[in-house]
Amino acid sequence: MQAFVDRYKRELSAALAYAVLVIVVGIVTPSFLGAGNLRDLAMNNAAVLLVAIGMTTVIVSGEIDISVGSQFAVCTYLTGALAKEGMPIVLVLPCVVIAGVAMGAVGGALVAWLRMPSIVVTLALMVAWRDGLRWATEGAWIQDLPANFQWVGLGQTKGELILVGITALVFVAFAWALSNISGGRSFYAVGSDAEAARLAGIDPRRVVFSAFAITGALVGLAAVLNATRFSIVPSNAGMGLELKAIAAVVVGGTAITGGRGRLAGTLIGVALLGTIGTALTFLGINPFWEKAIQGAVILAAVMSDVALGRMAAWRISNFGLRARTGT
Amino acid sequence: MNSTIPRTRDLKLTAAWPARVFPNHEWVLLLVLFFEIVVFSIAGDNFFTAANAFEITRLSVEVGLLALALTFVIITGGIDLSVGSMMGLVAVVLGALWRDAHLPIAVAAGIALLLGLAGGALNGSLIARFNLPPLIVTLATFSLFRGVAEGITRGIENYSSFPSGFLFLGQGYIGGIFPAQLILLLLAIAGCAWVLHRTAFGRSLYAIGHAPDGARYAGIDVGRKLFFVYLFSGLAASVSAVIYVAHLGQAKSDAGTGFELMAIAAVVLGGTSIFGGRGSILGTVLGLFAIVVLQNGLRLSGQPAELAGILTGALLLLTVALNRIALFGPSVRTEETSEELDVKNSQVAILSAVILLAALLVAGSNWLLVRSLKQNGSPVVPVASSVSEKKLTVAMMPKAKGDPYFASCRKGAEEAARELNVDLLWDGPTDLDPAKQNEVVEAWITKGVDVIAVSVENQAGISTVLRKARDKGIKVITWDADSEKDARDFLINQATPQGIGYTLSDEAARMMNGKGEFAIVTASLSAANQNEWIKNIRERLAEKYPDLKLVTIQPSEGDRDRAFSETQTILKVYPNVKVIMAIAAPAVPGAAEAVKQAGRTDVKVTGLSLPNMNKPYVKTGVVESVVLWNTVDLGYLTVQAAYALGSGTLKRGDSALKAGRLGTVQVVNDEVRLGAPFIFNKDNIDRFDF
């Protein structure tokens, strides 16, 4: 038991916070736990979860990607544009995923092979993708899509099942791969110590590159799935998505300095941050305080490190400082 | 990990002077800056003038102060994302202390600076004392500071009418030309350069950035130094906020939104390594001006603002890539061996490539500019060559270019511009951003346009600049939303806030038969227009519909998906709600989709939005009606009025204006009236396409 707590203490503290939130709100307003609300929460956070899965691989590799929100906007618009051209959605999906991979690959290549700092690269790309999209679209939305665009023509119930099903499938596949196959473990190896990974026969550049490319693919998938929930496609989707995803990953216990973290934690992080806003409305708390409370939750999550053991925290972030200056 | 080894270049004080003055190839930026100035002097109107040079520096003071502080932070290997949010918090606290607590402005500013120090101390202690990663800590306080600012003002409060002595700090000129706040920036630059490059404290920051453990072993108190760095960052953010408030004449919780990214971009562009241990104040200053001059120059050449974002991104990638290659060699593995740095020839070759690429970049934009100039310069068909002495230039600004509402206004504006053969400049912030609006107007004054037409995001903020434009003989029109009355010649009034609020209330009352609960989904909680409408809705309810109950107001942040999820929650928490009133264009389709998916046929949606994006919902009956005016006509009328005003046919006291296809339009005092708000419903919506 002690070993279990030690092993999962970061995830456990986030899970505990989530449990407290759900129970408190559930007691005060029981309808919060109604099937309808839980379903809506799942639907509204599925896209964030997909992006956060990609973000986890990037952060575990010791990098960061703040261009995902802009990538999401481009992919969403592309989904609508292709569907409007009459392309069936089964073909749109791979096309948009490829576009996502391409955008992720631009960042990945610059970071991996030119060894440019990922925060700078993706900052530049974040501005460039979104301003490029604005320039091209001038803010126009895509309307008059074919009738079978929404829910892929299957109707709401089946469509929602597909969305949640695909997200769950991706989550399970990645959770398994990250801990059980060598490709997944190599993210941790590179994030812990790129030089050691290289000496062990792993090419850090390829690992970092694939983390960005995979994230791009997941952003593309998330964009298509999210777009098909509606009958109109906006040109400004995904505002602030990068911060949501990064915050969720970090709240879920993944070390921002790389090398450590689990997807289970990311899932809890997405759930926790994605629920706060809704919970506040259920509790009748003024929405003006939402951002402040979210900030406090992130702080509390990182501070729990300190509470859970000064020693471990010291070791980790001390390592982290070195990793920041080095890789 | 290898860059923790100190580079000999940094340590060798006896190096040749270019390496000493420009340790991080800052001279590349100097070249870029030089190219920018040359290109824009040719392509831009009135770019190369002393007045414009001062204007550029004035606009860069706020971001500049943040960038200076961030240079320190980033050299230690840290980051501070919270500075922009800190500005928002300091701004509203300053406003509250002055207006509500009736403190003298100097005392209020002093307390505001203390607040900045406290915020910096919070970041600093978490990072230095608890060894938490700076990225996370400041990501959390980024959210926290802005959230507290919104919380205490409820997003609505907008403090303005500050004393003129205080406003001088941000708007005044010393000796008629020298911007007041520039002195502060120059002092800050000198001070920072001295501390960073000439004191033991400054050197120790480099040591910490290179290798925190090594610095500790060398007897440097790492925690204490880091704490001071973040403390300084908080102070810089608060000084910046005070100047921002004085500059815009208003304090609101959205002050400084996005400034952190621009400041970080300037620092990194200036050659400071994001990993720490390398960088200079000179680089930051050059990086800052490279960005600001680019933005200003593009504006004066009539290029869209998005291009500035794309080019800044490209410039950033390019300089960092080349810096990287120049410092470490093209391959990762040569890093260990290149310690001697005796690769002079290859470095020369690479640096030549830098210049070449920078030149290409600038030449590319140059080509674009010259091409567009040619297009603008030669009228395709001289319509009435005998009459036209000089083509009128009308500069028209939306609140946000990315908003479909304004995209449809633009359609009408361009239609009128073609008919009247005027040059139409259409530019503005990409998202709601009052500071950006001021910048664009300043640029237009410098450029020397004939008429400026602005959709005002913030009254108090923009009125000073508009008055300045009028002083220079430029005609000023406001459209869509008004400035202070004496700051413009005419207002193109599409509908008053009262008209909108009352029409929306009447629609809701009609749908609910005068009784029941309804909810509002607004834009952002601090949006000025929406808050004004909500005020009028409440008035109307109190006066005429006492049985209508407004149960909640939720934000959508102008995001359709957010409006969707907020509406879902509203429907569950307030099951008796009969009408969702969405008062932002993207929020109506979001709310409608949520109602539709919830299967709540008993709930109706209404609100303020564009007909096109709501057609499917109006036709299926989810959206009962959409209230708006004809936005294409609004754009059309604005350019018509601008033309009439610019050519002298429209004067104060007129009671009518001939406006092309709109026929004769009513003019009342200083307002040109488009007409009453229009209600789009199932029967008439197909007649409109915007």
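Here is how names work: the chains are called A, B, and so on, in the same order as the sequence lines, proteins then strands, and each is numbered from 1. Keep in mind that what you see is a predicted model, and the values were worked out from it rather than measured.
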Structural part of A:Leu125 lying under 4.5 Å from a heavy atom of chain B = side chain

Where on A:Asn44 is there a heavy atom nearer than 4.5 Å to chain B: the side chain, the backbone, both, or neither?
-> side chain

Heavy-atom distances under 4.5 Å only: say whether B:Val320 touches chain A with side chain, backbone, both or neither.
-> both

Residue B:Pro586 versus chain A: region with a heavy atom under 4.5 Å | both

Toward chain A, the part of B:Phe564 with a non-hydrogen atom under 4.5 Å = side chain

Is chain B contacted by the side chain of A:Ile64, its backbone, both, or neither, given a heavy-atom distance below 4.5 Å?
-> side chain

So which part of A:Met43 gets closer than 4.5 Å to some heavy atom of chain B, the side chain, the backbone, both or neither?
-> neither

Given that the side chain runs from C-beta out, which part of B:Phe406 has a heavy atom under 4.5 Å from chain A: side chain, backbone, both or neither?
-> neither

Give, as side chain, backbone, both or neither, the part of A:Leu123 having an atom under 4.5 angstrom from any heavy atom of chain B.
-> side chain

Pick whichever of A:Glu160, A:Met126, A:Gln150 has the most heavy-atom pairs under 4.5 Å with chain B.
-> A:Gln150

Tell me, for A:Thr281 versus chain B, whether the close heavy atoms (under 4.5 Å) come from the side chain, the backbone, both or neither.
-> both

A:Ser70 versus A:Trp129, closest heavy-atom pair with distance = CB-CB, 3.7 Å

B:Leu571, part contacting chain A, at a heavy-atom distance under 4.5 Å = neither

If you take all heavy atoms of A:Thr137 and A:Ser235, which pair is closest and at what distance?
-> OG1-CB, 3.9 Å

Is A:Glu242 salt-bridged to A:Arg130, cutoff N-O under 4.0 Å?
-> no

Are side-chain N/O atoms of B:Ser82 and B:Asn123 paired as donor and acceptor at under 3.5 Å?
-> yes

Name of the residue among B:Thr138, B:Ile127, B:Leu139 meeting side chain to side chain contact (heavy atoms under 4.5 Å, CB included) with B:Ile79 | B:Thr138

A:Asp40 versus chain B, heavy atoms under 4.5 Å apart: side chain, backbone, both or neither?
-> both

With only heavy atoms counted, which part of A:Asp144 is less than 4.5 Å from chain B, the side chain, the backbone, both or neither?
-> neither

So what's closer than 4.5 Å to chain A heavy atoms on B:Tyr405: side chain, backbone, both or neither?
-> neither

Tell me, for B:Glu150 versus chain A, whether the close heavy atoms (under 4.5 Å) come from the side chain, the backbone, both or neither.
-> both

Nearest atoms (heavy-atom pairs only) where A:Pro204 meets A:Val190 = CA-CG2, 3.9 Å

Non-hydrogen atoms of A:Leu38 and A:Leu33 that approach each other most closely = CD1-O, 3.6 Å

Side-chain donor or acceptor of A:Thr122 paired with backbone N/O of A:Asp65 under 3.5 Å | no

Would you mind telling me which of A:Ala128, A:Pro234, A:Ala47 has the largest number of heavy-atom pairs within less than 4.5 Å of chain B?
-> A:Pro234

Mark yes when over 12 heavy atoms from residues, nucleotides or ligands other than A:Arg206 sit less than 6.0 Å from its CZ; otherwise mark no.
-> no

Do you see a donor-acceptor pair shorter than 3.5 Å between the side chains of A:Asn236 and B:Asp559?
-> no

Minimum-distance pair of heavy atoms, taken over all atoms of B:Ile570 and B:Gln554 = CD1-CG, 3.9 Å

Okay, A:Leu110 and chain B: the region with an atom under 4.5 Å from a heavy atom over there is side chain

Compare every heavy atom of B:Val551 with every heavy atom of B:Ala519, then report the nearest pair and how far apart it is.
-> CB-CG2, 4.2 Å

Could you tell me which portion of A:Ala140 (side chain, backbone, both or neither) has an atom closer than 4.5 angstrom to a non-hydrogen atom of chain B?
-> neither

